[in-house]
**Q** 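Okay, here's the structure, questions in a sec.
Note that these values count all heavy atoms, side chains included, but never hydrogens, waters or copies made by symmetry.
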Amino acid sequence: MEHQVMISLFVMVPLLAFLISLLLPDTQENSFSRLAFVTVSLQLLGITGYIIYWIIGGMIPVNIRELELYNNGSYQFLLDFYFDTLSAVFLWVGALVTFLITRYSRFYMHLEEGYKRFFNTLLFFYLAYNLTVLAGNFETLFLGWEMLGISSFLLIAFYRDRYLPVRNAVKVFSIYRIGDIGIILAMWASHHLWHENISFIKLLDKELVSEQLASHGGIGLFIAISLWIAAAAKSAQFPFSSWLPRAMEGPTPSSAIFYGSLSVHFGVFLLLRTFPFWEHQLTARILIGLLGLVTVMIAYPIARVQSTIKTQIAYASIAQIGIMFIEVALGLQTLALIHFAGNAFLRTYQLLVSPSVVAYMTRDQFYHFKAREITLEDTFPKRLEYSLYILSLKEWNLDKMLNRLIFNPIKRLGRKLDFLTPKNLLLYFLPLYALGLLLYFNQEWIPTLIRGYLPGFFGLLGLMMVFKAFSERVYPRLALMLVMANHFWIALAVSFNESFDYSQTLIYLSGVVVAGVIGYLALDRLRKKEPNYFDLNQYYGHVYEYPKLAVLFLLSALGVMGFPISPTFIGVDLIFSHIHEGQYVLAALDAISFIFGGIALIRIYARLFLGPHIKNYHSTALKSS
């Protein structure tokens with residue numbers, strides 16, 4: 001019983017502190033900064049004491065079935081907590097680093113315009129961190145994983161009156177969401193492999209795991225590769241390495257806690273947490289090791305030639321995490337945990353003292369100039385040396401490669417769907433959806449040869465709408481409606497697989513409808529107030545004039561994308577449980593549309609409400625002219 005109380009408190013205390021901080025007035029700096037500091041201090045003391053008690057008790061893994069959110073007999077959505085050596089290390093390191101950052105930030109962020117907003121987001125991040133570390137199944141882990149993504153976006157865009165932080169926040173969030181595709185597909189495949197929401201403690205049963213993998217080798221490798229993609233995106237491994245330096249646009253404390261010490265290591269955490277599942281899959285281990293090796297070979301020389309200290313630290317950390325991937329692939333779990341702790345503390349220290357170091361190095365080089373020493377690279381043929389230098393200086397064009405391979409093709413495809421106007425949605429797609437519903441209720445009308453292709457067809461229609469929303473630049477309300485329509489197409493597509501209770505579809509769509517209507521009304525109100533500054537071609541910064549409207553739309557966007565503030569979060573997992581084992585294409589279509597729908601919604605929020613205030617910009621330009 002004491003285990004359940006303590007582990008639950010590690011999540012409930014940050015949650016309670018976050019909710020209280022929202023109610024405190026902006027003018028009382030000491031109130032909410034002290035609240036955050038006291039909360040994290042108590043957490044550090046409690047976690048340290050509990051870990052000592054757990055070690056004395058024999059270090060037996062603890063699994064707690066905390067809260068059943070949904071159960072229809074064949075499907076169960078359960079919040080599950082799990083505490084073992086991995087949880088203990090990440091939980092204690094996270095508590096200590098957050099304690100140091102909170103103490104540092106109380107003075108570093110003094111008199112900043114968004115002082116309260118920073119500490120609110122910091123507490124929200126710490127809640128998400130603990131929830132992810134203590135997750136006992138994929139559903140609970142994904143809950144914390146999503147919360148980490150949105151808190152990351154908010155902290156990078158902390159200086160929301162500047163163009164570059166907001167743009168980079170959207171970029172980082174987009175790559176995070178691409179990694180989420182791996183988590184979603186791994187959750188879906190694991191349901192079919194185990195025929196239940198598998199808890200991580202059950203993966204310790206080697207006989208159970210080996211028996212399942214022996215009879216389902218293909219789906220086992222699919223899960224391992226999905227986790228590999230999610231881990232690579234979250235930990236900025238190749239080819240996703242370019243996002244980490246862009247994330248340093250936020251305040252120095254957030255850079256330290258997120259991208260130097262804690263959040264960036266969650267790819268390693270994911271691999272360690274699921275290690276019992278894929279440790280006997282040689283292909284998966286080779287892929288993870290090669291990924292780490294390639295990342296190290298690219299990130300190390302990039303770090304050597306960077307001119308800014310934050311970028312140097314970012315790529316140095318990426319290289320060290322690549323080595324951790326190699327350690328995990330080799331089965332050196334304890335070494336990887338020690339490496340994580342050392343890297344987290346080192347990067348935290350480096351980032352927090354970086355302003356002082358830059359000032360010192362500037363003076364030191366002026367008074368004590370030293371000629372550059374001969375290095376290993378000087379022994380290379382000059383053409384090779386110069387090529388490596390230019391490639392490293394350009395960061396191996398990783399950013400351009402991601403745009404060329406992922407984002408630009410989707411934008412081009414979306415622009416080819418310009419016929420998806422509000423009028424055509426009503427004239428063509430609404431009747432087509434009605435026809436789909438008619439066919440669903442009268443499936444005997446459908447030839448057997450065609451019936452198997454209908455789920456994929458409707459899933460593809462939903463994906464087209466998301467791509468159009470992703471590329472839309474003129475009509476924000478249309479982009480929102482297209483994302484909402486995608487959820488309806490997904491529900492229809494999956495409905496053709498099998499007959500199930502309509503209440504499951506209602507759970508999925510209820511959050512979409514309620515949040516979508518609220519978001520549409522918020523956008524419509526903004527359009528009436530700012531008709532000349534209401535499109536998606538640039539960042540308008542309307543949050544300064546309409547802060548409540550900005551918060552309302554952000555919450556509605558999170559509800560539509562399936563963030564854990566509406567029933568849609570459970571509904572997404574519920575709907576995916578009805579996609580059959582062999583329907584990889586349908587699962588991929590639905591996962592991609594779900595992820596890019598979220599990116600499209602965040603882009604709407606960022607372009608309308610964040611960035612330099614367009615009216616101030618225009619008034620300044622007129623005065624200067």
**Q** For R404 and D399: C-alpha separation, side-chain torsions, deciding distance, then whether salt bridge (Lys or Arg N to Asp or Glu O under 4.0 Å) applies.
**A** CA-CA 9 Å; R404 187 178 298 116; D399 211 26; over 6 Å; no

**Q** Are more than 12 heavy atoms from other residues, nucleotides or ligands located less than 6.0 Å from atom CE of M297?
**A** no

**Q** Kindly indicate, with the supporting measurements, whether the criterion side-chain hydrogen bond (donor to acceptor under 3.5 Å, both in side chains) is fulfilled by R347 and N343.
**A** CA-CA 6 Å; R347 304 309 170 192; N343 191 58; 2.9 Å; yes

**Q** Under 6.0 Å between ring centres, would you say that holds for H487 and Y508?
**A**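 Here the rings of Y508 and H487 have centres that are less than 6.0 Å from each other.
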
**Q** Please say whether the positively charged group of R412, taken as NZ for Lys or CZ for Arg, lies over the ring of F407, i.e. under 6.0 angstrom from the six-membered ring centre and within 45 degrees of the axis.
**A**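 So R412 doesn't make the cation-pi contact.
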
**Q** What do the steps show when you test L91 against F10 for side chain to side chain contact (heavy atoms under 4.5 Å, CB included), and what is the final call?
**A** CA-CA 9 Å; L91 204 61; F10 296 151; 3.8 Å; yes

**Q** Going by atom types alone, do N403 and K171 pair a side-chain donor with an acceptor below 3.5 Å?
**A** yes

**Q** Would you say the ring centroid of F596 lies under 6.0 angstrom from that of F470?
**A** yes

**Q** Quick one about R603 and S174 (side-chain donor to acceptor, distance below 3.5 Å, no hydrogens or angles considered), yes or no?
**A** no

**Q** Within the distance-only criterion (no hydrogens, no angle test), does the side chain of W243 pair as donor or acceptor with the backbone N or O of I175 below 3.5 angstrom?
**A** no

**Q** Above 12 or not: heavy atoms from other molecules or residues under 6.0 Å from CZ of F275?
**A** yes

**Q** Answer yes or no: does atom CZ of R167 have more than 12 heavy-atom neighbours from other residues, nucleotides or ligands under 6.0 Å?
**A**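 Atom CZ in R167 is not crowded, with 12 or fewer foreign heavy atoms closer than 6.0 Å.
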
